[in-house]
Structures are given as C-alpha cells and as structure tokens.
Amino acid sequence: MTVDRAAIEHRLITMRKSVVQLDSLGRLDGARLENDPGTGLALERVLALLHDLALAINRHVSAGVLGEAPPQTPTTSFGAAARAGLIDAELAAALAPADGPHHVLLQLCLDAEPEQVAGVVSAARNGYRDYVRQVTDWITASTPGPVV
C-alpha cells in the first residue's frame, strides 16, 4: 500500500490553523469560561478536530507503512504512528492520555473543574504542535516510506 502525501499535507494545514486558533484564545481561567461559555465550546470543537485529523493521518500511515489494518482506537492509532516512525513514542503517549482524549477531558473540566481547562488545553496545544512538526519532518524526509 502507499501513502498519499498530499492528503496528509492537507490535514496538516488544518491542524496548523487549529493550533493557531488555540494560541489566539489567550488566558483560559475559570471566570472567563463561566462568563463566556462559547469559548469552552470552541475549545472543545478545535480539540476534537485536531484529534480526528491526527487519527486519520495515523490510520493512513500505519496502513501504508506497516501494512496493517488501520488502528481502531486512539491509543492504538498513536502507537502505530510511533511504530511507523511518523512520531516518537513519547509524543504518542502524550496524545493518547489514559484518561481519554483531550477534548473529552476538556468537557469534563468545563463541567466540574474549569480551573483545570488551561492545563488540558496547554497539553493538547503543545502535543499537537509537536505532532504537526514531527509529521511534517517525516513527510519531507528523503525516504519516509512508500509515497504516492
């Protein structure tokens, strides 16, 4: 099987824009989230989008490079991405937290512990920024695996 570089690059463009959107939101304290519930909804949506795009890339690359069936869970998806050389194992673990995806953690924090939102968003933003960088490096490497 092959890897469609253009499809991956297209998803990376959207991911870069999404990380910039997270950066542009500024301070995310409990008072702001209480007074502006739309910010919490926007955060959740951007984190869900980043998650979905990363899973799509991971599944595509793992099938193309490893010759395996596409992973079915986020944890196996990021693990397969690491095995394929797309990202490192440390990043794979950071983007598949044991407690669940960042957008789900964010929903829980918005409901129960809004003071923890900033930490969840920061971890996700840093993780997906690194993900975009590592995948971009993989794509531009001289021999990243079979490509279209």
Which heavy atom of Arg59 sits nearest a heavy atom of Pro71, and at what distance?
NE-O, 2.8 Å

So, do Leu86 and Gln134 sit near enough that their side-chain heavy atoms are less than 4.5 Å apart?
no

Give me the atom names and distance for the closest heavy-atom approach of His60 to Asp4.
NE2-N, 2.7 Å

Starting at CZ of Arg16, measure out to CZ of Arg133 and round the result to the nearest 0.5 Å.
12.0 Å

Any donor-acceptor pair under 3.5 Å from Ser18 side chain to Thr14 backbone:
yes

Hey, does the side chain of Glu68 reach the backbone of Ser62 with a donor-acceptor pair shorter than 3.5 angstrom?
no

Side chain to side chain contact (heavy atoms under 4.5 Å, CB included) with Ile57: of Val3, Ile139, Ile8, only one passes, and it is Ile8

Run Leu49 and Tyr128 through side chain to side chain contact (heavy atoms under 4.5 Å, CB included) and show every step you take.
CA-CA 11 Å; Leu49 177 63; Tyr128 286 113; over 6 Å; no

Is the number of heavy atoms from other residues, nucleotides or ligands under 6.0 Å of Glu9 CD greater than 12?
yes

Does any donor atom in the side chain of Tyr131 or Asn58 lie under 3.5 Å from an acceptor atom in the other side chain?
yes

Counting N and O atoms only, with roles assigned by atom type, does the side chain of Arg32 sit under 3.5 Å from a partner on the main chain of Arg27, one being a donor and the other an acceptor?
yes

Heavy atoms only: give me the nearest Val132-Met15 pair and the separation to one decimal.
CG2-CB, 3.6 Å

CG on Leu22 to CG on Leu43, rounded to 0.5 Å
6.5 Å

Which heavy atom of Leu53 sits nearest a heavy atom of Arg11, and at what distance?
CD2-CG, 3.8 Å

Between Gln72 and Pro70, is there a donor-acceptor pair closer than 3.5 Å when you use the side chain of the first and the backbone of the second?
yes

Of all heavy-atom pairs between Ala84 and Val61, which one has the smallest distance, and what is that distance?
CB-CG1, 4.0 Å

Can you name the nearest heavy-atom pair linking Phe78 to Leu95, along with the distance?
CE1-O, 3.4 Å

From CZ (Arg83) to CG (Leu66), nearest 0.5 Å:
5.5 Å

A side-chain contact here means heavy atoms from C-beta on lying under 4.5 Å apart; do Leu25 and Val121 qualify?
no

Can a donor-acceptor pair be found, under 3.5 Å and without considering hydrogens, that links the side chain of Ser122 to the backbone of Gly119?
no

Supply the atom-to-atom distance Leu47 CG to Arg125 CZ, rounded to the nearest 0.5 angstrom.
9.5 Å

